[in-house]
Each structure stands twice: as structure tokens, then as C-alpha cells.
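This report refers to the structure that appears directly beneath it.
FYI, the numbering just counts along the sequence from 1. The figures that follow rest on heavy atoms only: side chains count, while hydrogens, waters and symmetry mates do not. Remember, it's 1-based here, ligands and their atoms both numbered in the order they're listed.
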Amino acid sequence: MSKKILILPGDGIGPEIIDEAVKVLACLRDDFGLDIDMDEALVGGAAYDAAGHPLPDATLDLAKEADAVLLGAVGGAKWEPLDISVRPEKGLLGLRAGLGLFANLRPAILYPQLADASTLKADVVAGLDIMIVRELTGGIYFGQPRGVETLDSGERRGFNTLVYTESEVDRICRVAFDIAMKRGKRVCSVDKANVLECTEMWREVATRVGADYPDVALSHMYVDNAAMQLVRAPKQFDVMVTTNMFGDILSDCAAMLTGSIGMLPSASLDADGKGMYEPIHGSAPDIAGQGVANPLATILSVAMMLRYSLDAADHAARLEAAVSAVLDRGLRTADIAAAGSKPVGTAEMGDAVVAALRADGEVD
Ligand code: IPM
Ligand code: MG
């Protein structure tokens, strides 16, 4: 039976980069026999404008029915004045919570072709391959109580709550250990156990889970040190596992080690492997509509989708090889431009990946 993919373009550069990912999916379907059906729906600011809410019920229902969701990006200055409850970001958070996508996988890989794009010295980042496993449906992002209240004095008091149950920590740590078993067999659990009781418990649970994985070396690191180590000696890390907010911050940091946040995909998975896939970068309103955004992070998100939710590792490998071939040919969008490279726009980059896929198919 066909697998159902729900496409959510979102805001800013979202629709442009999604167009290229859809071209790639259509090529895999038409030329390589990938059995998929694609449907599209609104999310984020686009959904607010059309339906008054960043996550309309119809969109969440379609996402629940789908085998996988591909999302562009949400947000933009236009919607910043709105109440926080209906801002575009709530659409994304609502999808994560509504679909139970507790495990966020954010690889930071340095493509050898882009070694010069990093702001760090080449020898610090050459060969970098880190997987950040971020808890995505708990922690301070969702903890209650939360809000802003007015005290008797008239002063306002804002508050959010960092909260985790042991089972939430247990399941995200198991995801990290399972992934580590398939790669370098090292997990670094990042917390702030010296200050926050909640993450002191996190450390205890991580240690307990680690006992079930004797082949994996577990280390613990405070988040401030982890941020420093990521820019000092990032290759010491294999898999990092951490809370929702620490993972948000550390994954941006790790992404930039690779030179361009425009290259990095992500997967957000539930307990059964159903997932939502999106580039790590945001909606980049400053370049939206210009046709210059890098579609490769979204295209590589399709590769993660093929691997994790569609049981199509062969197609994933084929797609990753096509991206690598395009980089080998020197094609570069503005964010990864380098001396001597061939500057291309969003659509040209997507077309090049499709052409590389087809060329590879012919050689086979
Ligand atoms: C991310 C983003 C989101 C987050 C925002 C857009 C809500 O920064 O996916 O990292 O904070 O999780
Ligand atoms: Mg973020």
C-alpha cells in the first residue's frame, strides 16, 4: 500500500525549499518506483492567515493519518505581534505534541566538499559527525505552570517550569543509546545537574539506562561545558542526548560547526517510528521569495524520512549520493558559496539533485 506523506510548506522560504523536496519525491516515485501519495496542508503563519490558527484541526488530522510529515519552516516578523498562543511556532509545537514526536534527531555532519564553509579551523571540524538527540515533547517547553501574572504590587512575574518524568527521560535515552549502537558507541548526556534537581534526576536515569547498554560508553556533561566543548573540540562527541531546551540551543551551535545551517536535516519521531521531517534552519524571511535559499537541508530531510519512516534505506542512500554528486560538481547556493564554485538558486539546486538521481539510475 502507498505510504502517505503530508507536505506542510509553512512560511518564509518554506514553500520554496519544499517545492524542491517535492520534485525529488516525485522523481523517486515516477522513476524509481517509490510507492507514495503526497497531500498538502497549511501550518504556521500561512494557516493563521487562512484559517485563524497556526495548526488547524484539519492539518493535525491529516498529519495523524499520514505515515510521515515533511515540513518547510514556520514563522516571520509579520506574525510576531500576535498573542503567543496563535503564533506560527505554536503550529510546530502543536504538531510535535499532537503526534507524540518525543525524539528529535539532529545530525551535524561536515560534508568534505564544504570544509571551508565552517568558521572553525578545518582540522577542528574535518570529518565531524555528531548526532544530537533532543527530547522534544517535554521539559520547559511544555511544563506547567507557565505564564505571566500580575502581582499585588502591580509588577508582572513570568514563569515557566522545567519538568520531566523518569519515563520521559528513560525513553529518550534509549533512543540515543540505540542510535549509538549503530555508530560510535558513545553517548554524552547533557544536563545541569549541579543546579537543577530535574536534571540531576535526568543524570540518574541516563546512568540507569546506560547499564542496559554495556557496549556504549556513557559520559555526562554540564550544558555550559558542552557548549564550550562543541566549539573547542567537537569531534570528541558521537551521540549527545539532552533536554528540549538544551537541545534547541546546542543543535544550532553544532549546526554552525558544519558551515551552513542550510545543509542540515532533522527527524522528529514517535515511539513507532512515525515522523515529521524538517530542515534545522528557520523560515529566513529576509531571503524569502528570492529563489536563493538552500533546499538541501529539506532534501536531506527527505532522505531521513525514507530511512526512518518509509523503510526505504536504498532510496535514502541514492538521494544522499545525488546530493553529494551535486556538491562535487561545485554547485553552491549563496549560503555555502566559495571561491571557484558555481552559484545556483533554489530551483536550480533542486533540479540538479533530480538530474543526479536520474543519472545514477541510468548508470545502474
Ligand atoms: C527548532 C526551533 C523551534 C524550537 C521553534 C521554531 C519553536 O528553534 O526547531 O529548533 O524552539 O524548537
Ligand atoms: Mg531551534
Side-chain angles (χ1 to χ4, degrees), residues 8-15 17-18 42-48 53-55 59-60 63 69-108 130-143 146 160-164 168 172 190 223 226-227 230 240-258 260-270 275-286 288 293 297-298 300-301 304-305:
L8 302 175
D11 309 319
I13 58 170
I17 53 177
I18 282 287
L42 292 170
V43 74
Y48 178 83
H53 195 277
L55 182 58
T59 299
L60 184 58
V69 179
L70 182 67
L71 181 117
V74 296
K78 177 180 170 194
W79 300 284
E80 268 163 28
L82 293 177
D83 185 77
I84 197 165
S85 62
V86 288
R87 281 204 209 130
E89 290 77 5
K90 277 285 174 201
L92 184 56
L93 296 170
L95 279 165
R96 290 172 180 170
L99 299 177
L101 307 174
F102 70 91
N104 187 206
L105 277 40
R106 298 191 160 191
I130 302 175
M131 176 66 91
I132 296 192
V133 178
R134 169 189 178 195
E135 200 292 324
L136 203 60
T137 50
I140 198 166
Y141 269 54
F142 291 94
R146 60 191 298 151
N160 288 91
T161 309
L162 171 62
V163 50
Y164 274 112
E168 285 177 303
I172 192 69
V190 178
V223 63
L230 268 177
M240 301 174 90
V241 62
T242 192
T243 66
N244 203 339
M245 187 159 81
F246 294 164
D248 178 45
I249 298 165
L250 294 179
S251 62
D252 266 30
C253 183
M256 206 54 220
L257 299 173
T258 70
S260 174
I261 202 165
M263 290 296 300
L264 298 179
S266 76
S268 305
L269 304 176
D270 74 1
M276 180 162 80
Y277 299 82
E278 52 178 313
I280 283 190
H281 61 70
S283 59
D286 52 324
T298 315
L300 290 165
S301 298
M304 286 190 95
M305 171 192 287

For ligand 1, is any non-hydrogen atom under 4.0 Å from His281's backbone (N, CA, C, O), its side chain (CB onward), both, or neither? neither
Of all the atoms in ligand 1, which lie at a distance below 4.0 Å from a heavy atom belonging to Arg134? 1 (C), 4 (C), 9 (O), 10 (O), 11 (O), 12 (O)
Just give me the atom name: the N, O or S atom of Asp248 closest to the Mg ion (ligand 2). OD1
Tell me, please, whether Tyr141 has Arg134 positioned over its six-membered ring: NZ or CZ under 6.0 Å from the ring centre and within 45 degrees of its axis? yes
What is the nearest protein non-hydrogen atom to atom 2 (C) of ligand 1, stated with its residue, atom name and distance? Asp248 OD1, 4.0 Å
Considering all heavy atoms of both residues, which atom of Phe246 and which atom of Val190 are nearest to each other, and what is their separation? CD1-O, 4.2 Å
Nearest option to atom 12 (O) of ligand 1, as decided by whichever heavy atom of Arg96, Lys90, Glu89 sits closest: Arg96
More than 12 foreign heavy atoms under 6.0 Å from CE of Met256: is that the case here? yes
Return the closest protein heavy atom for atom 11 (O) of ligand 1 as residue, atom name and distance. Tyr141 OH, 2.5 Å
At less than 2.8 Å, would any N/O/S atom of Asp252, backbone or side chain, sit next to the Mg ion (ligand 2)? no
Between Asp11 and Ser283, is any side-chain donor less than 3.5 angstrom from a side-chain acceptor? no
Atom of Tyr277, atom of Ala267 and distance for their closest heavy-atom approach: CE2-CB, 3.4 Å
Would you say ligand 1 has an N or O under 3.5 Å from any N or O of Arg106? yes
Testing the basics here: between Ile17 and Pro279, what is the closest heavy-atom pair and its distance to 0.1 Å? CD1-CG, 4.0 Å
